[in-house]
Amino acid sequence: MSHEHVSYLELLARGAATEAYDRPVLLARASGAGPEALAGLEEAKQLALRVRAELEGRRRREAELSALFETAHDLAGLRDLDAVLRAIVQRARSLLGTEVAYLSLNDPAAGDTYMRVTEGSVSARFQQLRLGMGEGLGGLVAQTARPYVTDDYFSDPRFQHTRTIDTAVRDEGLVAILGVPLSLGSQVIGVLFAADRRARVFEREQVALLGSFAAHAAVAIDTANLLAETRSALAELERANDIIREHSGVIERASEVHDRLSELVLHGGGVHDVARAVSEVLGGTVEFTETGAGSARRAGGHAVREGDDWVAAVSAGGEALGTLVLHGRPDLDPVDQRTLERAALVTSLLLLARRSAGEAERRVRGELLDDLLDAPDRDRRLLRERAARLRTDSEAPHVVLAARIDRAAGGADTDAGRRESADRQRLWSAASHLAATRHGLASARDGGTVLLLPLGPGETAAELARQTARSLGGTLREQVTVGASDPVRAPLDHPDQVAVAYEEARRCLDALRLLHRSGQGAAAEDLGFLGLLLADGRDIGGFVDRTIGQVVAYDRRRGTELVRTLDAYFASGMSPARTKDELHVHVNTVAQRLERIGRLLGPDWQSPARALEIQLALRLHALSDAVGGR
């Protein structure tokens with residue numbers, strides 16, 4: 001075997017580029033080789049190139065088969081339809097070597113088509129595109145149930161061009177597009193696309209490969225639909241079994257509830273312990289409320305049905321103390337009705353026994369908090385002693401919370417005033433109970449309630465506000481809005497800070513109501529840039545760091561220009577095409593940078609609310625850089 005032939009084998013072995021196969025011929029010609037030798041080398045070169053092409057084809061087919069096998073494996077263990085469809089689109093984009101791949105599905109209810117999965121897209125308008133049936137390249141694919149390809153979309157007259165589609169495609173910068181149908185039987189349910197931001201020709205093998213991925217996607221959707229139908233059928237069977245078990249255990253439950261209630265009374269259980277025990281026995285949800293006992297009282301102590309719920313009055317000596325309400329058991333048999341009535345009687349006894357002690361403790365807790373708010377100059381040693389008797393941890397950081405019941409206005413003035421007074425009393429009662437369980441303080445104030453609660457390990461003021469809103473709202477069955485202050489370190493050592501924190505909590509509460517977020521809990525840090533206006537300290541650096549800190553840090557580590565790209569993107573109306581003109585770079589560079597920004601900031605970074613905060617953070621960041629550089 002000649003030296004030149006060995007050279008071709010070496011080129012094949014290391015997978016050299018096509019141009020490298022001309023080198024042995026050129027070297028031989030330069031060394032004066034004769035025509036016969038040159039002809040032999042040329043023949044060997046052509047043979048080597050054919051072998052190389054065959055090897056490349058096999059490697060490509062191996063990669064395609066591997067991707068299809070992985071897709072089939074995903075379908076076999078289908079748990080999350082979105083994850084499977086994303087994997088299919090990602091693999092299609094990778095193997096076809098396109099810049100963008102996406103999948104659209106038909107929406108029969110709306111009569112149009114929408115984007116389900118995109119990969120490589122950077123335009124918010126394109127990702128949210130909805131188009132009518134029959135429009136664009138996808139419409140032609142859906143109508144004919146056949147693949148269609150164009151190497152220049154905008155100059156192709158075969159498709160029904162619309163302003164909406166063309167604007168979105170132009171905004172994404174797409175030129176060449178291939179679309180194949182997603183079919184279930186004879187019905188086309190969507191289209192799978194591969195596209196480039198430059199003109200290109202899709203080969204027949206690439207069209208067939210994308211069609212294979214589309215078939216897998218259609219199977220995934222069909223499988224998910226079948227799984228949903230199966231789960232629904234299993235749920236119906238489970239409900240039927242529950243009914244059978246419920247009827248067979250009526251007598252056992254009656255005996256069990258008698259034993260449970262007796263044990264609760266003997267061991268000092270509370271009202272909510274009774275409700276929880278009866279919930280477990282009856283198989284529904286029992287809760288105690290302080291209102292709504294009218295129909296139950298008129299029934300003479302018997303449980304009565306109200307809609308899908310059952311209610312039993314909790315009363316003593318003619319005084320209405322509240323109601324036990326059973327949810328989730330609209331068809332209650334007579335034995336279970338007697339169980340609910342017995343639980344209401346036990347609840348009334350517990351309430352009477354503990355009313356005096358509870359009122360005394362609430363009054364003491366309220367007085368201590370009032371002193372912290374109104375008279376912070378009192379003797380701190382006496383304040384700590386009073387807190388110790390109430391089992392309050394005076395050394396832990398605390399948060400001041402302002403809470404108020406929010407309901408729609410209505411009714412006569414006298415009725416509204418009476419209802420508002422009752423609301424304040426109920427809220428104070430519920431807040432005092434919560435403060436006692438969390439070793440904090442509570443007091444009625446300014447038409448609502450103020451609480452001073454310790455922070456748990458790793459807990460934030462915002463989390464405590466949300467938890468308090470849920471707890472009070474669940475107890476009262478009303479919308480309770482809660483605003484929180486920043487943490488106060490050792491409040492009994494710094495009582496003057498409690499009043500300051502209360503004003504911050506009230507401002508946060510007012511902001512939540514103005515933002516129509518009634519029934520929620522939040523601290524200033526939850527309100528984005530609005531929190532800068534509410535907090536006593538203007539933590540501009542913290543706001544910028546929470547909003548775009550990851551992008552700024554990435555630029556500092558890598559020497560990239562993501563912040564500049566982000567600023568230009570918003571200044572260009574969120575259009576990648578106009579952004580590349582502003583930055584004087586290729587549109588692919590803009591797309592890659594925006595894709596990286598999306599990974600750093602999260603998938604919703606282009607939503608209106610987040611985009612507004614990001615733009616403000618960019619301005620504040622630029623301002624801080626300008627001030628720091630002086």
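It should be emphasised that the depicted structure is a prediction, and the values quoted were computed from it without experimental measurement.
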Flag for Q143-Y148: side-chain donor and acceptor within less than 3.5 Å
no
Heavy-atom donor-acceptor pair, T565 side chain to E561 backbone, under 3.5 Å:
yes
For the pair T460 (side chain) and E463 (backbone), establish whether a donor and an acceptor sit closer than 3.5 Å, ignoring hydrogens and angles.
yes
Is a side-chain N or O of D151 found less than 3.5 angstrom from the main chain of R200, in a donor-acceptor match?
no
Polar contact flag, side-chain donor to acceptor under 3.5 angstrom, S572-R578:
no
Any chance CZ of R163 has more than 12 other-residue heavy atoms, nucleotides or ligands included, within less than 6.0 Å?
no
Ignoring hydrogens and geometry, is there a side-chain-to-backbone donor-acceptor pair from D196 to R198 under 3.5 Å?
no
Just by distance, with hydrogens left out, do D152 and S155 show a side-chain donor and acceptor under 3.5 Å apart?
yes
Where is the tightest heavy-atom contact between R93 and A101, given as atom of each residue plus distance?
CB-CB, 3.6 Å
Correct closest heavy-atom pair for A461 and A484 would be O-CB, 3.8 Å
Just by distance, no angles: are the side chains of D171 and S123 close enough, under 3.5 Å, to form a donor-acceptor pair?
yes
Only counting residues at least two apart or in another chain, list the ones meeting side-chain hydrogen bond (donor to acceptor under 3.5 Å, both in side chains) with H161.
D166
Please determine whether the number of non-hydrogen atoms from other residues, nucleotides or ligands lying under 6.0 Å from atom CZ of R146 exceeds 12.
no
Looking at R477 and E287, is any side-chain nitrogen of the basic one under 4.0 Å from a carboxylate oxygen of the acidic one?
yes
Testing L174, V175, I177 for side chain to side chain contact (heavy atoms under 4.5 Å, CB included) with Y153, which one passes?
I177
Of the options V552, D567, D555, which is the one that meets L562 in a side chain to side chain contact (heavy atoms under 4.5 Å, CB included)?
D555
Where L182 and I221 come nearest, the two heavy atoms and their spacing:
CD2-CD1, 4.2 Å
Checking N106 side chain against P108 main chain: does a donor-acceptor pair fall under 3.5 Å?
no
Report yes or no: does R197 contribute a side-chain atom to a donor-acceptor pair with the main-chain N or O of E172 at less than 3.5 Å?
yes
R557, CZ atom: more than 12 neighbouring heavy atoms under 6.0 Å:
yes
Minimum heavy-atom distance S575-Y569, with the two atoms named:
N-CE1, 3.7 Å
Show the nearest heavy-atom pair for residues S104 and F193, with the distance to one decimal.
OG-CE1, 3.5 Å
